[in-house]
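The structure appears below as structure tokens.
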Protein chains: 2
Amino acid sequence: MLNERKLKILQAIIQDYIETAAPVGSRTLSKRYNFGISPATIRNEMADLEDLGFIVQPHTSAGRVPSDKGYRLYVDQFMPLKKIKAVELDYLVLDLLQEIGEIEQILQYSLRILSQLTNYTAIALAPQIKESKLKHVQLIPVDSSQMIVVIITDNGIIKKSVIKPNCEIDENSAQIISNFLNNELHGLSVKNIKTDLIETLSGEFVYLSGLIERIISEVFRSLDEVNNIDIFLDGVMNMFNFPEYNDILKAKSFLKLLEEKELLSNLITSFENEGLSISIGSENVYEEVKDCSLVTATYKIDDTVLGWLSIIGPTRMDYSTVVSVMTQISEFIKELLNNKYK
Amino acid sequence: MLNERKLKILQAIIQDYIETAAPVGSRTLSKRYNFGISPATIRNEMADLEDLGFIVQPHTSAGRVPSDKGYRLYVDQFMPLKKIKAVELDYLVLDLLQEIGEIEQILQYSLRILSQLTNYTAIALAPQIKESKLKHVQLIPVDSSQMIVVIITDNGIIKKSVIKPNCEIDENSAQIISNFLNNELHGLSVKNIKTDLIETLSGEFVYLSGLIERIISEVFRSLDEVNNIDIFLDGVMNMFNFPEYNDILKAKSFLKLLEEKELLSNLITSFENEGLSISIGSENVYEEVKDCSLVTATYKIDDTVLGWLSIIGPTRMDYSTVVSVMTQISEFIKELLNNKYK
DNA sequence: ATTAGCACTCGATAACATAGAGTGCTAACA
DNA sequence: TGTTAGCACTCTATGTTATCGAGTGCTAAT
């Protein structure tokens, strides 16, 4: 039922619609592509494709538009993949990435590259500290009432946070406490650190001075604080170049979506596939993105998922380009991170 | 020429327009306010006010709209000032602010308060590290190729940055170098640190090992890196609730403005007045904000301007509320910072 | 199986009419 | 002299109607 010719026509409709954003009619198709058949024949085929659910008609006298099911078939079966050209992929920037120490910055630059190459909006979820193991804790006194806690994890996350144990601590004591904490906490998973530590210390807990106890509880507090969802964005304005978002209400609701960190995070973290995940329009669970598509990749160190990169655009998205770009960039980042922290 | 009655009418026009966003006609005025004069008389007065340039007519058969000059008069001469009610000003949040150690977080929370109380967009410029004096530098080794530099300034700015001197350093050496750097750099202004240090060290420069030299140069680099413009925003979406931004092009150009950190920064730092600065529509130099108004306050420590807080909205802004809110919040922050770092 | 021909549908655009809010001016009035 | 009712006039916003054109499905001929 889905013969060669129907597929070709479907592909033409999809590619044309992705390019022009206008419903595609039989005459346009026969003019623009060389099928060697007349518009009337194309019309018959299109009627079939509509029956099969791959395209829809916005209204009786309009051309056809791909349905989500149509995009899905296209993505799964016959979407052409491109190799990004060296001219476009700015190797200078990629080299620069090599030089950056902090994951957050690497992500931010990657988003810039992703959004500029695709013209959609790029989203990243920064690595969650709670999935990591502690490598080093350092206390630095700031003044009579404040200290900085610097936390370094085994996978290269660096966080700082200010705590206020209500007691004065000089530089020496800070160092001593740092050493103590490092001994006790080194290698513990941040997620379980509280229970683990209490277990470890249970024997000697009574010997701890009130001072250290206060600092430890402050450090715990700062771990929680530092652990909130960190979402990075780039190319938000790109969306407004698409006619889909000429409607102020649509634009507003898209911006609103990007402001809801919680929802965005849930949305993106639901893709845990090996490789890329593509979700198209109504395939998304959340109402807010039922007319968007997402192409999402994870980034890992040592096979544990650290965080996510995603590109979001209208369902009429140039899947071909997006998938190609995302594949290459996420591959690059994977290598980068694993070289760095292995 | 500007008698009592004209002023009253002007005030009514401005307040009505701020509230309704619709041009105000003579009949509306005489119905809504009790001037004790007929619409015809009001019309005569309005014609005069237009001649004087305080109001304009969008077109012949429309009511009047305040001009920028009109808003200016209103703001300078007869705008009522409000005291924010305790119910609105969330003292719990303000108390929470007391507990926060880092300026950046204080700013972010303040923006939230500002934007929620005013329904406009709030902007903050984070303190520039180059205007501060170094208080403490701490090096922390991460792994064989990376170190963290933590920089603390006298006015409470804390920055961290990753450097990669290409040599291995253990924790002890890091501490020794930290101590060395602290001795040499303590109290120096970040702006002049390079020249100052070279001067100080000129005698002993030859004795420095290549190692320390490399680290110093990396620390300098990280100072530059950490010194880029940091802008915080809150309530960006608020703007879309105003009919002024129902036009997608307007909305787009407003969002674009907020993305141009450089321009925003120049715009806001141009207000160095004692107290609040109000700039109305065409008074702004930059084309991009000719139909916006800004209410800007500086925040200081010890009489040196550290950074800026600003509220941006359409020229039809509720100046009365904005000025009141901004006055109280910026006063609060001023006290907070000076208690903290004095 | 393909296609030319044709009647039909429906959105988009333009042309036109109308209502209503507001003005300025004039003349009458206190 | 200041105030006001009355009125003609202006201009936008809104609604109505007509028209155009792209596209369809169906039929009948190839």
Side-chain angles (χ1 to χ4, degrees), chain A residues 1-10 12-14 16-17 19-67 70 243-244 246-248, chain B residues 1-10 12-14 16-17 19-67 70 243-244 246-248:
Chain A
M1 61 187 202
L2 246 185
N3 56 28
E4 189 72 14
R5 198 170 69 182
K6 282 199 179 57
L7 276 183
K8 265 196 180 156
I9 290 175
L10 179 56
I13 292 173
I14 292 178
D16 206 77
Y17 185 68
E19 200 182 319
T20 64
V24 195
S26 56
R27 242 180 71 82
T28 319
L29 278 178
S30 87
K31 258 190 303 182
R32 197 147 9 193
Y33 304 84
N34 259 15
F35 294 126
I37 48 178
S38 77
T41 314
I42 295 178
R43 274 205 291 283
N44 291 330
E45 296 288 49
M46 283 166 88
D48 291 351
L49 283 171
E50 184 164 11
D51 286 343
L52 293 168
F54 295 119
I55 53 180
V56 289
Q57 237 178 333
H59 55 265
T60 334
S61 68
R64 300 310 208 290
V65 164
S67 68
E244 277 89 343
N246 274 354
D247 177 18
I248 192 83
Chain B
M1 62 188 202
L2 247 186
N3 57 28
E4 188 72 15
R5 198 170 71 183
K6 283 199 177 58
L7 277 182
K8 265 194 177 153
I9 291 175
L10 180 55
I13 292 173
I14 292 177
D16 206 77
Y17 185 67
E19 200 181 318
T20 64
V24 194
S26 55
R27 244 180 71 83
T28 320
L29 278 178
S30 87
K31 258 190 301 183
R32 195 143 16 188
Y33 304 85
N34 258 16
F35 294 127
I37 48 178
S38 77
T41 314
I42 296 178
R43 275 205 290 285
N44 289 331
E45 296 287 49
M46 283 166 89
D48 291 350
L49 282 170
E50 184 164 13
D51 285 342
L52 292 168
F54 294 117
I55 54 181
V56 288
Q57 239 178 331
H59 54 265
T60 335
S61 68
R64 300 311 208 290
V65 164
S67 68
E244 276 89 342
N246 274 355
D247 177 17
I248 191 84

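Numbers restart at 1 for each chain; the letters A, B, ... are given by sequence-line order, proteins then strands.
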Could you list all N or O pairs between the protein and nucleotides 28-30 of chain C that sit under 3.5 Å apart?
none

Filtered N/O pairs between nucleotides 8-13 of chain D and protein, under 3.5 Å:
residue, atom, partner, partner atom, Å
D/dT10, O2, B/S61, OG, 3.2
D/dC11, OP1, B/T60, OG1, 3.4
D/dC11, O4', B/S61, OG, 3.0
D/dC11, O2, B/S61, OG, 2.9

Polar atoms only, N or O, under 3.5 Å: list the protein pairs with nucleotides 2-6 of chain C and their distances.
residue, atom, partner, partner atom, Å
C/dT2, OP1, A/R5, NH1, 2.9
C/dT2, OP2, A/R5, NH2, 3.2
C/dT3, OP2, A/S38, N, 2.9
C/dT3, OP2, A/S38, OG, 3.4
C/dT3, OP2, A/T41, OG1, 2.4
C/dT3, O5', A/S38, OG, 3.4
C/dG5, O6, A/R43, NH2, 3.4

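For the segment residues 49-56 of chain A, the set of residues with a heavy atom within less than 4.0 Å of an atom of DNA chain D is empty. For the segment residues 19-35 of chain A, the set of residues with a heavy atom within less than 4.0 Å of an atom of DNA chain C is empty.
Residue pairs satisfying the salt bridge (charged side-chain N to carboxylate O under 4.0 Å, His left out) criterion with at least one member in residues 34-44 of chain B, sequence neighbours excluded, are absent.
Every residue two or more places apart in sequence or in another chain was checked for a salt bridge (charged side-chain N to carboxylate O under 4.0 Å, His left out) with B/E19, and none qualifies. With sequence neighbours left out, B/T41 forms a side-chain hydrogen bond (donor to acceptor under 3.5 Å, both in side chains) with B/S38. Listed by chain and residue number, A/K6 satisfy the side-chain hydrogen bond (donor to acceptor under 3.5 Å, both in side chains) test with A/D48 (two or more places apart in sequence, or in another chain). B/Q57 is linked by a side-chain hydrogen bond (donor to acceptor under 3.5 Å, both in side chains) to nothing, counting only residues two or more places apart in sequence or in another chain. Legend: residues meeting salt bridge (charged side-chain N to carboxylate O under 4.0 Å, His left out) with B/R27, ordered by chain and number and at least two apart, are absent. Looking at residues two or more places apart in sequence or on another chain, you find a salt bridge (charged side-chain N to carboxylate O under 4.0 Å, His left out) between B/E244 and B/R316.
The shortest non-hydrogen separation linking A/L29 to A/F35 is O-CE1, 4.3 Å. Minimum interatomic distance between A/G53 and A/S67 (heavy atoms only, all atoms of both residues): O-OG, 2.6 Å.
The separation between B/M46 atom CE and D/dT3 atom P is 16 Å, rounded to whole Å. Separating the CD1 atom of B/I9 from the P atom of C/dT23 is a distance of 12 Å, rounded to the nearest angstrom.
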